[in-house]
J.: 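Dropping the structure in here first, questions after.
Residues: numbered from 1 along the sequence shown. These values consider heavy atoms only, across backbone and side chains, with no hydrogens, waters or symmetry-generated copies.
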Amino acid sequence: MEADSFDPDLIHAIFKLVWTRGALKREKNEDANALDCEVGAGTSKKIRTTTANANALKLSCEFLRMFITEAVQRAAAIAEAEGVNKIEATHLERILPQLLLDF
């Protein structure tokens with residue numbers, strides 16, 4: 001992994017935020033569904049927290065670095081072909097569909 005990669009603590013904090021929002025959304029949906037149906041014995045779910053180990057975080061950081069580097073390089077090629085020195089949002093919009101398919 002290169003030194004210019006993302007900070008694993010930052011990526012972990014982002015993941016935790018997304019996981020927390022997802023859990024809250026699921027709880028909200030389950031509460032709404034629980035009002036509609038009768039709750040029987042054995043229907044309770046164990047609530048587990050989602051975690052990521054250090055290797056998974058390092059791999060995620062490297063993947064994000066590679067993804068963003070590739071996006072910038074492709075957008076720069078489009079901008080250069082147009083004779084522009086600055087990457088704009090339209091350049092990123094043009095490369096995004098193929099980039100997502102490639103990754």
J.: Report yes if the side chains of Leu96 and Glu93 come closer than 4.5 Å at any heavy-atom pair, otherwise no.
T.: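 Not touching, per the 4.5 Å side-chain cut-off.
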J.: Closest heavy-atom contact between Leu99 and Ala71?
T.: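 Taking every non-hydrogen atom into account, CD2-CB, 3.5 Å.
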J.: Using a 4.5 Å cut-off on heavy atoms from C-beta on, say whether the side chain of Phe15 contacts that of Leu10.
T.: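 Of all side-chain heavy-atom pairs linking Phe15 with Leu10, none is under 4.5 Å.
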J.: Using a strict 4.0 Å threshold on nitrogen-to-oxygen distance, state whether Arg74 and Glu70 make a salt bridge.
T.: yes
J.: Once you round to the nearest 0.5 Å, how far does CZ of Arg65 lie from CD1 of Ile11?
T.: 12.5 Å
J.: Nearest 0.5 angstrom please: Ile95 CD1 to Gln73 CD, how far?
T.: 10.5 Å
J.: Rounded to the nearest 0.5 Å, what's the gap from CZ on Arg94 to CD1 on Ile78? Could you check?
T.: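 With rounding to 0.5 Å, CZ (Arg94) is 4.5 Å from CD1 (Ile78).
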J.: Taking atom CG as the centre, does Asp102 end up with more than 12 heavy-atom neighbours from other residues, nucleotides or ligands that are less than 6.0 angstrom away?
T.: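 Yes.
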J.: Test side chain to side chain contact (heavy atoms under 4.5 Å, CB included) on Phe67 and Leu100; report intermediate values, then the result.
T.: CA-CA 9 Å; Phe67 183 82; Leu100 291 173; 3.8 Å; yes
J.: Look up atom CG in Leu64 and atom CD1 in Ile68, then write down how far apart they are to the nearest 0.5 Å.
T.: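 These two atoms lie 6.0 Å from each other.
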J.: Which atoms form the tightest heavy-atom contact between Ser5 and Glu62, and what is the distance?
T.: OG-N, 4.0 Å
J.: Which pair of non-hydrogen atoms, one from Pro8 and one from Cys61, has the smallest distance, and what is that distance?
T.: CA-SG, 3.6 Å
J.: CG of Leu24 to CH2 of Trp19: how many Å apart, nearest 0.5 Å?
T.: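 These two atoms lie 14.5 Å from each other.
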J.: I need the minimum non-hydrogen distance between Ala52 and Ala56, along with the two atoms involved.
T.: CB-CB, 4.5 Å
J.: If you round to the nearest 0.5 Å, how far is CD of Glu82 from CD of Glu88?
T.: 8.0 Å
